[in-house]
Amino acid sequence: MQNNGTNILWYRQGAVGWNEALPLGNGRLGAMVYGGATDERICLNEDSLWSGFPGFYDNPEAQNSYRRAQALALSRRYAEAQEELEQHFTALWSQVYLPLGDLGLTMRHPGAVENYRRSLDLSTGIHIVEYEAGGVSYVRETFVSHPDQVLVMRLTASRPGALSFDVRLCPAMNAVVCLDKDVLAFQGNCPVYVWRFDAPQEQRGLMVYGETDAEKGMGYFAEARVLSDGRVAQQGGGIQVCEATSATLLFDARTSFAGWKKHPVLEGKPYVEPCRRGLDAAAALGYDALRARHVADHAALYERVTLDLGGGDEKLLPTDERLYSHENGGDDPALYALYFNFGRYLTIASSREGTQAANLQGIWNDRITPPWHSNYTININTEMNYWPTLMVNLSECYEPLVRLVLELAESGERTAQRYYGAPGFVAHHNTDLWRMSTPVGAHLPGCAQYAFWPMSSGWLVRHLWERYEYTRDEAFLRETAWPVIRKAAEFYRSLLVEDRDGELILAPSTSPENTFNLEGREVSVAASTTMTQAIVLDVFDICRRITALLNVDADFAAELDSIMPRLKPYGIGRDGELLEWNENFEEHDIHHRHISHLYGLHPARSITPEETPELAEACRISLLRRGDESTGWAMGWRINQWVRLGDGDHALRLLDNQLRTVEGRNPMKRQTRGRVNDMSGGTYINLFDAHQPFQIDGNFGACAGIGEMLLQTAPDGSLKILPALPSSWKRGSVTGLRARNGRIVDIRWDGDNVKVVEK
Ligand code: FUC
């Protein structure tokens, strides 16, 4: 099936930095491969390696504070409401997703390196480094196997005995290193915390390791083994392989993580023996069987969908040169398909049944203090990670998100009670391995714009509904999704209040991370916001669909029927744009990256060009005002908005913006303490999305946007074929997309000639 231009990333040079390395993963174990000819470096991750413990950040002041802030906001004292929430409602930040360590190789061979190439084949999930030195051809294949749960690297030399190299394994944090003849290992416990906003300034960035078992963080163990036909010996803290013809390196790491409510040490699960046993089993299978089993498993998911937009078969430039040529106007439609396929690949590599959901960086992080803790930011980013999953027919890979939502619904019940005195469940702006559902912010001035946002529960339960829409799995809807969706709705229902016009709102409210100018101040808290109202409306609407479909909870349905018409409706502002707040405030930043007020257009469907044309036009004006330049994920969201408006050409303009390379191109791009200016998004040469810095959400957002250019499903279940096809995509085909009615759809088009097969 393979078209190299749409399935292979390749380069004529090794990675210079982490953002040039290529990602491998089986959902749990992650690897970033630099692929240098003489010096190989692989940054390693395990998806349950997080700082901290289970726990609940209680804030006894919160409930009264919420009521006070509500009264202030209802009497239009917005700045005071904001101060109230910041000082008395917020709590601690989430925990941190941590790096495991590095595997390093130094090759020893005479002669200069020639004919070098490194590549990642998305269709097999295999990374290959090939070159010649001293008249010998060297090949290094690496993959991370899902069926056998190990990283595998195979090194070969074309001349017998010409393969000699050293291997090192370096932990990223404090750990005990153990060595044997052909084994390198380390064992440690994660820090209790690595960053505390509530600590005095000089102690904020300290890594704190516990001493007693009760104080110790996650236990972990990592081991690499070398199997070779050459001489293998321990040497200088590493392993030396001499005069081999081939060698296989196996690696795995395990942690003591036993669940979000379990103490990682006192109630942790065994991890050293399972790691060793897995490596024993992999070694017994041998390289050929490991490779065959990996490729079969990967291909079974990856081959479900194909996209052909033309081009890509001829002798292709390396991926970095294709990106440079594209941003300079070169014609390479296969690059869009490659980027789409890379999104599907990243889903398979970062999210598999039983693993943790993909965080801000998927599963790939090399920093102890990663940007935004590499956590789950649930005011857009985690949701975006899963926008394409069901559409590209990977419902197995959706399971980690479903589990995260179910667990959050449990932890969020306590937050609803303690912080709001409300039934149901709620979650705020962040969560982590321990399913924190409390607000972050730690009383920092200005934090309300992100910290005060009790709406992620409403957004996340939409994903449970979508799982039903795409799969039509009624048992899942009835037994798993409905009780949780209902709980999210109950929280909002209990907190609705009347505004001055007698309309029902959730007060106070913010529009994620955006602010408005008010009497010379920058303010984030309003009485109500369009996004909040849109989420409440959407959750209630989903509830109504489900109660009708399953024929359950008639009383609850009747209650929602009486509430829904009283919810404060959408408003239109002075320039014809969709209002973002309850008043026609002036945006502090008219180009702000978040476009939260358009939630009803995407991801929800309370605004459509067909049913609510005036509101759709208001969304279009809002998008034009915000502009086409933003951070990576923000451009990804804009693509999806334009696609819902049916404007494929505008969506493509955004996709082109997102595909612009970032590093090195523009020295004016600033990055300060994890915060970046808003105009700096794009793509690294390894095709990772640049917020900047790297954030994986933009990859998934764009992937979903491309999917919805080609296929959408109307609320009545009818298909919209090529609803936002860019005019330059004159002919092409897509196979295997899943529609929201559960059907698999193939589309082939050539100008006006369109053929559709629905299975
Ligand atoms: C949201 C965004 C930021 C960033 C962070 C991880 O809060 O506003 O731009 O993406 O998440």
Side-chain angles (χ1 to χ4, degrees), residues 86 90 93-97 195 197 350 357-365 367 369-387 427-432 436 438-442 444 446-456 459-460 510-515 522 524 529 531-532 535 580 587-599 603 626-627 629-640 657-658 662 669-684 688-702:
E86 287 168 355
T90 56
W93 206 260
S94 79
Q95 290 291 346
V96 179
Y97 179 56
W195 189 261
F197 284 103
S350 66
N359 63 47
L360 281 173
Q361 300 187 185
I363 52 171
W364 300 279
N365 164 41
R367 302 195 217 172
T369 50
W372 296 287
H373 295 194
S374 194
N375 68 12
Y376 298 101
T377 305
I378 45 181
N379 67 4
I380 170 76
N381 316 88
T382 304
E383 290 88 344
M384 186 180 272
N385 285 355
Y386 288 89
W387 285 353
H428 293 81
H429 160 245
N430 289 137
T431 189
D432 56 18
M436 80 169 291
T438 45
V440 295
L444 291 180
C447 72
Q449 58 173 278
Y450 54 86
F452 181 72
W453 193 68
M455 304 312 297
S456 60
W459 193 337
L460 286 167
T510 58
S511 191
E513 313 197 30
N514 206 359
T515 51
E522 183 188 349
S524 61
T529 66
M531 183 193 226
T532 295
I535 290 180
E580 185 158 359
E587 299 99 328
H588 183 71
D589 174 7
I590 198 173
H591 301 302
H592 198 268
R593 58 194 182 285
H594 287 262
I595 42 174
S596 310
H597 50 319
L598 310 187
Y599 187 91
R626 280 289 212 267
E629 297 275 344
S630 201
T631 63
W633 65 257
M635 291 191 283
W637 199 359
R638 283 159 173 73
I639 293 172
N640 285 273
N657 282 356
Q658 204 178 331
V662 288
K669 282 176 181 158
R670 284 186 302 115
Q671 186 182 327
T672 42
R673 288 194 284 146
R675 283 267 155 205
V676 290
N677 76 37
D678 257 0
M679 302 298 171
S680 54
T683 294
Y684 297 101
F688 263 170
D689 172 70
H691 177 284
Q692 310 177 35
F694 163 55
Q695 236 175 254
I696 206 162
D697 38 25
N699 285 102
F700 294 124

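One-based numbering, in listed order, for ligands and for the atoms of each.
Gln449 and Thr515 share no side-chain donor-acceptor pair at under 3.5 Å. Asn375 and Ser94 form a side-chain donor-acceptor contact under 3.5 Å, judged by distance and modelled atom types alone.
The shortest N or O to N or O distance between Thr377 and ligand 1 is not under 3.5 Å. Residue Asp697 has no N or O atom closer than 3.5 Å to an N or O atom of ligand 1. Not one N or O of Trp372 is nearer than 3.5 Å to an N or O of ligand 1, by distance alone.
Neither the backbone nor the side chain of Thr631 has a heavy atom within less than 4.0 Å of ligand 1. Contact annotation for Trp633 and ligand 1: only side-chain heavy atoms (C-beta onward) come within less than 4.0 Å of the ligand. Only the side chain of Asn379 comes within 4.0 Å of ligand 1, judged by heavy-atom distances.
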Task: Worked verdict on His373 versus Asp432 for side chain to side chain contact (heavy atoms under 4.5 Å, CB included) - done: CA-CA 9 Å; His373 295 194; Asp432 56 18; over 6 Å; no

Task: His594/Asn514 under side chain to side chain contact (heavy atoms under 4.5 Å, CB included): CA gap, chis, key distance, verdict - done: CA-CA 7 Å; His594 287 262; Asn514 206 359; 5.5 Å; no

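Residue Arg593 approaches ligand 1 through these ligand atoms, each under 4.0 Å from one of its heavy atoms: 2 (C), 3 (C), 8 (O), 9 (O). Atoms of ligand 1 lying under 4.0 Å from any heavy atom of His429, numbered from 1 in the order shown and given with element: 7 (O). Atoms of ligand 1 found under 4.0 Å from any heavy atom of His691, numbered from 1 in the order shown, are 3 (C), 4 (C), 9 (O), 10 (O). Of all atoms in ligand 1, numbered sequentially from 1 with element shown, those under 4.0 Å from a heavy atom of His594 are 2 (C), 8 (O). The ligand atoms of ligand 1 that sit less than 4.0 angstrom from a heavy atom of Leu360 are 6 (C). Close approach of ligand 1 to Asn381 is summarised as follows: ligand atoms under 4.0 Å from at least one heavy atom of the residue are 1 (C), 10 (O), 11 (O).
The minimum heavy-atom distance between Arg593 and Ala634, with the atom names listed, is O-CB, 3.4 Å.
Inter-residue side-chain proximity for Trp364 and Ser374 is flagged as unmet; no heavy-atom pair is nearer than 4.5 Å. Considering only heavy atoms from C-beta on, Asp697 stays 4.5 Å or farther from Trp387 through its side chain.
Less than 6.0 angstrom separates the ring centroid of Trp93 from the ring centroid of Tyr450.
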